[in-house]
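Read the structure below first, then the notes.
This is a predicted model, so every value here is computed, not measured.
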Amino acid sequence: MIRVLLVDDQPLLRGGFRALLAAEDDIEVVGEAADGSEAVALVARHRPDVVLIDIQMPVMDGIEATRQIAANPDLTGVHVVVLTNYGFDEYVFDALRAGATGFLVKTIEPADLPHAVRVAARGDALLAPSITRKLISEYVSRPFQTRADSTLEQLTSREREVVTLVARGMSNEEIAQHLVISPMTAKTHVNRAMAKLHVRDRAQLVILAYETGLVTAPQP
């Protein structure tokens, strides 16, 4: 059973999402919250598999709530998915950096919501390769200082190569074709790299690759 926490300051939206998810045999809504502070408390209490959380809320916004949840070592099994009205915007970018697994637009088709929850519960990022590329373009356009990270030394040469390709926006299938390996082998390399670098998903892997200088932004 996949346990879900709904966080949004609009009761109507929470009710709609609850009704859709309650119709699924393998999904259970364990609670609802109207602000980020309440969400953090409920996550600690219920330990849901997936948190669907709005970004803009009173008391504490979704980004800060996501940051607190992701920073808690006791909540590593909790996958936070942010909800947005506008697709990929600056708030989503900040939420991903805070530790979110991915994002959903609130206008998602009803039939797609349970599938998205299942994807997040498996620990897979809710970011299609096209969205990863958008993340890259948004990120590299912002000024930042490269930070040193000795954890990169733990990667094998093949893992570094795979991380570089992930940071270029390639899917596991594209990586497999590029390196002439199987998609399962590509996925294994990605998972091992994420474990060694202590990142939660591909989005965090992309960000770390740029921040450490493993990958640099293409020159215009």
Side-chain angles (χ1 to χ4, degrees), residues 1-72 74-132 134-135 138 200-204 207:
M1 185 68 72
I2 299 172
R3 295 159 52 82
V4 179
L5 180 71
L6 302 175
V7 187
D8 196 290
D9 59 346
Q10 300 179 38
L12 184 60
L13 185 138
R14 295 200 311 269
F17 276 24
R18 174 184 280 274
L20 289 169
L21 297 176
E24 303 297 319
D25 293 336
D26 60 336
I27 298 175
E28 175 188 11
V29 177
V30 297
E32 298 181 23
D35 63 69
S37 179
E38 184 182 6
V40 172
L42 289 179
V43 168
R45 183 186 310 167
H46 295 295
R47 305 293 177 90
D49 300 297
V50 177
V51 180
L52 299 180
I53 186 167
D54 190 21
I55 293 179
Q56 295 177 296
M57 295 182 296
V59 184
M60 179 190 295
D61 64 28
I63 296 172
E64 178 57 30
T66 297
R67 184 175 294 109
Q68 292 189 21
I69 294 169
N72 189 332
D74 294 330
L75 302 177
T76 54
V78 178
H79 305 288
V80 180
V81 177
V82 296
L83 303 171
T84 176
N85 290 315
Y86 307 110
F88 200 102
D89 57 24
E90 62 178 299
Y91 297 111
V92 171
F93 177 86
D94 291 337
L96 290 171
R97 292 201 66 188
T101 295
F103 76 95
L104 291 175
V105 291
K106 293 184 179 181
T107 55
I108 184 173
E109 291 293 328
D112 293 337
L113 180 62
H115 172 70
V117 167
R118 294 184 185 103
V119 169
R122 291 198 303 264
D124 294 336
L126 276 173
L127 290 171
S130 60
I131 300 300
T132 303
K134 178 65 173 176
L135 171 64
E138 289 286 335
R200 297 169 70 96
D201 52 49
R202 295 174 81 93
Q204 306 302 308
I207 291 172

Query raised in the report: Closest heavy-atom contact between V82 and A100?
Result: CG1-CB, 4.0 Å

Query raised in the report: What's the spacing between E24 CD and H115 NE2 if we round to 0.5 Å?
Result: 12.0 Å

Query - Least distance between heavy atoms, A70 atom then A98 atom - result: CB-O, 3.5 Å

Query raised in the report: Any sub-3.5 Å donor-acceptor pair from D9's side-chain atoms to D35's backbone N or O?
Result: no

Query - Residues in salt bridge (charged side-chain N to carboxylate O under 4.0 Å, His left out) contact with E32, at least two apart in sequence or another chain - result: R14, R18

Requested in this report: Tell me, please, which residues at least two apart from D26 pass salt bridge (charged side-chain N to carboxylate O under 4.0 Å, His left out).
Outcome: R118

Report summary line: The side chain to side chain contact (heavy atoms under 4.5 Å, CB included) partner of L83 among I53, I108, I55, L104 is L104

Requested in this report: Determine the minimum heavy-atom distance between I2 and A121, stating which atoms define it.
Outcome: CG2-CB, 3.7 Å

Query - D54 vs K106 side-chain heavy atoms within contact, under 4.5 Å - result: yes

Report summary line: Applying side chain to side chain contact (heavy atoms under 4.5 Å, CB included) to D74 and not counting sequence neighbours gives R47, N72

Query raised in the report: Got V7 and V43 here, is their nearest side-chain heavy-atom distance under 4.5 Å?
Result: no

Query raised in the report: Rounded to the nearest 0.5 Å, what separation is found between the CE atom of M57 and the OG atom of S37?
Result: 10.0 Å

Report task. Would you confirm whether E64, through its side chain, and M60, through its main-chain N or O, come within 3.5 Å as a donor-acceptor pair? Result -> no

Query raised in the report: To the nearest 0.5 Å, what is the distance between CG (D8) and CG (L13)?
Result: 4.5 Å

Query raised in the report: Given side chains that start at C-beta, do those of D49 and R3 come closer than 4.5 Å, heavy atoms only?
Result: yes

Requested in this report: Identify the two heavy atoms, one from P114 and one from P110, that lie closest to each other, and give their separation to 0.1 Å.
Outcome: CD-O, 3.3 Å

**Report entry** Test item: L52 and V117 side chains (from C-beta on) under 4.5 Å apart, heavy atoms
**Finding:** yes

**Report entry** Closest contact, heavy atoms only, G99 versus T66
**Finding:** C-CG2, 3.9 Å

